[in-house]
Amino acid sequence: MAADALLMHFSKQALGDPLVLERGDGPYVFDTHGRRYIDALSSLFCSQIGYGYGEEIAAAATRQMTTLAFNTNWGTSTPVALELADRLAELAPGGLRHSFFTSGGSEAVEAAWKVTREHFHAIGQPQRRKAIARDIAYHGVTLGALAFTGVQRFKTPFGPAAIDVTHVSNTNAYRAPDGHDDVAFCRRLLREVEDAILKAGPEEIALIIAEPVQNAGGCLVPPPGYWSGLREIADRYGALLMADEVICGCGRLGEWIATSRHDVTPDLVSLAKGLTSAYAPMGAVLAHERVISPIVEAGATIRHGITFGGHPVSAAIALKNIEIFERDQILENVRALTPRLASLMRELSFLPIVGDVRGDGFFWAAELVKDADGSPFDGAERDRLLRGFLPKRLREAGLIARADDRGDSVIQIAPPLISDAALLADIVDRLADVLTDAHAHMQMNATGKGAS
Ligand code: PLP
């Protein structure tokens with residue numbers, strides 16, 4: 001009855017036997033049968049500090065609820081929303097001083113676009129209405145954010161895009177002819193961005209949006225020089241540069257703002273998921289001084305608002321999350337263990353079903369292939385592997401990971417940032433077992449010997 005009443009997100013209805021999770025503890029979650037799983041996906045890249053801080057966070061939430069449960073950031077504000085904006089300005093690289101709060105990631109991306117447009121109105125360039133984004137990238141589902149999203153099948157039912165966006169190649173080096181040569185690869189990608197801008201009309205481009213490491217397609221790490229190249233192109237053509245850090249920010253790559261790893265300061269940064277470690281829903285757009293000053297100087301209004309954006313209970317939880325990050329050295333843990341996780345993951349490339357391993361921080365993918373030549377699985381094989389075999393076998397292995405084919409077939413992990421070396425080894429061991437069996441399963445099917 002419940003499965004019928006609940007509309008699942010991005011899932012087929014009538015799942016049969018959905019995984020129903022009712023309890024969490026540290027990096028583990030437990031289903032309604034009491035079975036334990038390592039949440040190696042951090043609840044879709046959200047639960048940075050895991051599930052063990054409930055009491056401490058509840059105390060912060062209770063304090064806020066019994067002081068002032070709610071007020072908006074429309075005209076009024078609250079001490080916690082102000083304090084959170086201030087803390088984020090301290091954590092972000094220079095100049096990203098302003099926060100606009102939302103309830104989640106899509107709203108943050110959407111708000112960033114509205115702020116971009118207000119900026120160009122304020123400086124007398126209202127014709128800048130176009131944007132550059134990347135193939136297969138996922139930037140959310142509200143109609144503005146969906147225009148940036150580069151996964152065609154998520155867009156088709158909803159008609160023409162709300163924003164005129166050109167999608168350019170992402171940074172997937174694995175199948176790129178020049179992917180082995182960082183310099184040539186980076187040069188070609190940046191040239192493509194520039195060509196797209198020239199074709200669309202440089203004076204009409206408002207925004208270049210990209211994730212530091214692109215999630216959809218499987219943890220697509222940029223070649224060295226890519227982000228500084230994007231910065232340079234944005235500056236040359238008078239466009240704003242936005243890092244969508246809904247996944248990569250808040251410690252996933254070992255920094256609050258992931259683009260700091262590339263020595264670049266974007267004009268806009270979106271955060272969500274890990275901002276509260278998902279103890280409450282919240283998102284934010286961080287905007288640079290140079291974006292906001294003209295709006296303020298023009299005496300203009302940002303014509304955008306979200307009732308619950310910056311909800312004081314969420315803000316109190318985000319502040320507590322930041323305090324926990326600092327006290328319990330969460331970023332330091334990610335930085336210290338990134339090389340260990342990288343070498344564990346790279347060991348998987350010896351498995352015949354793994355064609356490529358890539359990632360950074362606590363955010364890794366293995367691309368799954370059919371044979372030693374790296375042939376991709378076809379549609380029917382993907383269904384069998386990614387939606388048939390893997391979810392079931394992962395469940396048996398007590399591991400939550402993501403099998404995905406918005407690009408080619410990949411399996412991804414993003415462990416909670418509190419994971420220690422032993423847990424990371426356990427995750428990768430389980431993954432290796434699952435992938436070994438997946439290879440045998442696909443081989444059996446290919447030779448016609450196997451069952452389903
Ligand atoms: N941007 C990126 C990079 C994301 O990964 C997501 C969600 O996964 C979003 C935006 C949208 O966030 P939300 O699902 O909170 O609306």
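Note that ligands are numbered from 1 as they come in the structure, with each ligand's atoms numbered from 1 the same way. These figures come from a predicted structure and were not determined experimentally.
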Inset, instruction - Starting at NZ of K320, measure out to CZ of R63 and round the result to the nearest 0.5 Å. - result: 5.5 Å
Legend entry - Any donor-acceptor pair under 3.5 Å from S293 side chain to E289 backbone: yes
Legend entry - Pair N73-S77, side-chain donor/acceptor within less than 3.5 Å: yes
Which pairs of nitrogen or oxygen atoms, taken one from ligand 1 and one from the protein, are under 3.5 angstrom apart?
residue  : atom   : partner : partner atom : Å
ligand 1 : 1 (N)  : D244    : OD1          : 3.3
ligand 1 : 1 (N)  : D244    : OD2          : 2.7
ligand 1 : 8 (O)  : K273    : NZ           : 3.0
ligand 1 : 12 (O) : S106    : N            : 3.3
ligand 1 : 15 (O) : G105    : N            : 2.8
ligand 1 : 16 (O) : S106    : N            : 2.7
ligand 1 : 16 (O) : S106    : OG           : 2.6

Legend entry - Within the 6.0 Å centroid threshold, strictly below: F148 and H167: no
Inset, instruction - Sort out for me which residue in I400, I38, L341 forms a side-chain contact (heavy atoms from CB on, under 4.5 Å) with I413. - result: L341
Legend entry - R134 side chain near S169 side chain, heavy-atom distance below 4.5 Å: no
